[in-house]
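Just so we're clear, the structure is a prediction, and the values are computed from it rather than from any experiment. Order of the sequence lines sets the chain letters (A, B, ...), proteins ahead of strands, with each chain counted from 1.
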Protein chains: 2
Amino acid sequence: MIQDPQKRLARYAKALGHPVRIFVLQTLSNQACCYSGDLTEVLPIAKSTLSQHLKELKEAGLIQGETEAPRIKYCINKENWKEAQQLLKAFFDL
Amino acid sequence: MIQDPQKRLARYAKALGHPVRIFVLQTLSNQACCYSGDLTEVLPIAKSTLSQHLKELKEAGLIQGETEAPRIKYCINKENWKEAQQLLKAFFDL
DNA sequence: CTACTTGTTCGTAATATTGCGAACAAAGAT
DNA sequence: ATCTTTGTTCGCAATATTACGAACAAGTAG
């Protein structure tokens, strides 16, 4: 009954379903990439909590992390980002 | 730190974060309105479960229900739908 | 009035989410 | 080799989500 595109759309939407994750994605969209330390400084949450949110975004496929020295550089996963964009566009253009 | 638009966007996204709710919204977008019985016939879930999903969509402001005889007619809440659309558009056009 | 239809609400259970601090791992600096 | 920095993982707790069936309300039909 419910098809794969609907599941994928729901998956992406779920990942967007928290203010912190929205903020993170906005930050990454604006400025290419960033380190999680940059985010911890700004956000009023524990670093372990931020780490979990980043993990969820990673598992949803919306971001990717690249080890770089002691830090990890997070970027948008452009391919999946585009898919989410298209699925949502199609959804609202119904 | 986190502003109201981000919270509202996250709220809408959260409401979209389940395949059944995506399906319901697609159905309502396509054909004006429908009764929850129409949905129960098609979806492989208990009517009480569907009722909960409809309640969440209602509380998120994305749909509205209108009592009509023994049934309830559900429609998109166009005002909030448009807001969600705009917030998401702005989000992805970053 | 007594069914019947339609949908919500309640009670329950299993699982997921959110959040924190403490402990841990990995790599660079001293 | 030791310390520092950076971020993850673990353990825990509180709350939310998802789902079902049974019971309940509200209106229609007989």
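Rounded to whole angstrom, the span from the CG atom of Leu43(A) across to the P atom of dG19(C) amounts to 11 Å. Across the protein-nucleic acid pair, His53(A) atom NE2 and dA16(C) atom P stand 17 Å apart, rounded to whole Å. With rounding to whole Å, Ile72(B) atom CD1 is found 12 Å from dT6(C) atom P. One atom, NZ of Lys55(B), and another, C1' of dA19(D), lie 15 Å apart when rounded to the nearest Å.
Residues meeting the salt bridge (Lys or Arg N to Asp or Glu O under 4.0 Å) test with Lys7(B), sequence neighbours left out: none.
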Once base and sugar-phosphate atoms are separated, protein heavy atoms under 4.0 Å mark nucleotides 20-30 of chain D, 5' to 3', with B, S and - as BBB-----S--
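Of the N and O atoms on the side chains of Tyr74(A) and Glu66(A), not one donor lies less than 3.5 Å from an acceptor on the other residue.
Counting non-hydrogen atoms under 4.0 angstrom, Ser36(B) reaches the backbone sugars and phosphates but no base. Within 4.0 Å of Lys14(A), counting heavy atoms only, lie sugar-phosphate atoms of the nucleic acid but no base atom.
Gln6(A) pairs in a side-chain hydrogen bond (donor to acceptor under 3.5 Å, both in side chains) with only one of the listed residues (Arg21(B), His18(B), Gln26(B)), which is Gln26(B).
To the nearest 0.5 Å, the span separating OH on Tyr12(A) from CG on Leu16(B) amounts to 15.0 Å.
Summary of the strand contacts: His18(A) and Gly37(B) both lie near DNA chain C, and taking for each the nucleotide with the nearest heavy atom, the more 5' one is attributed to Gly37(B).
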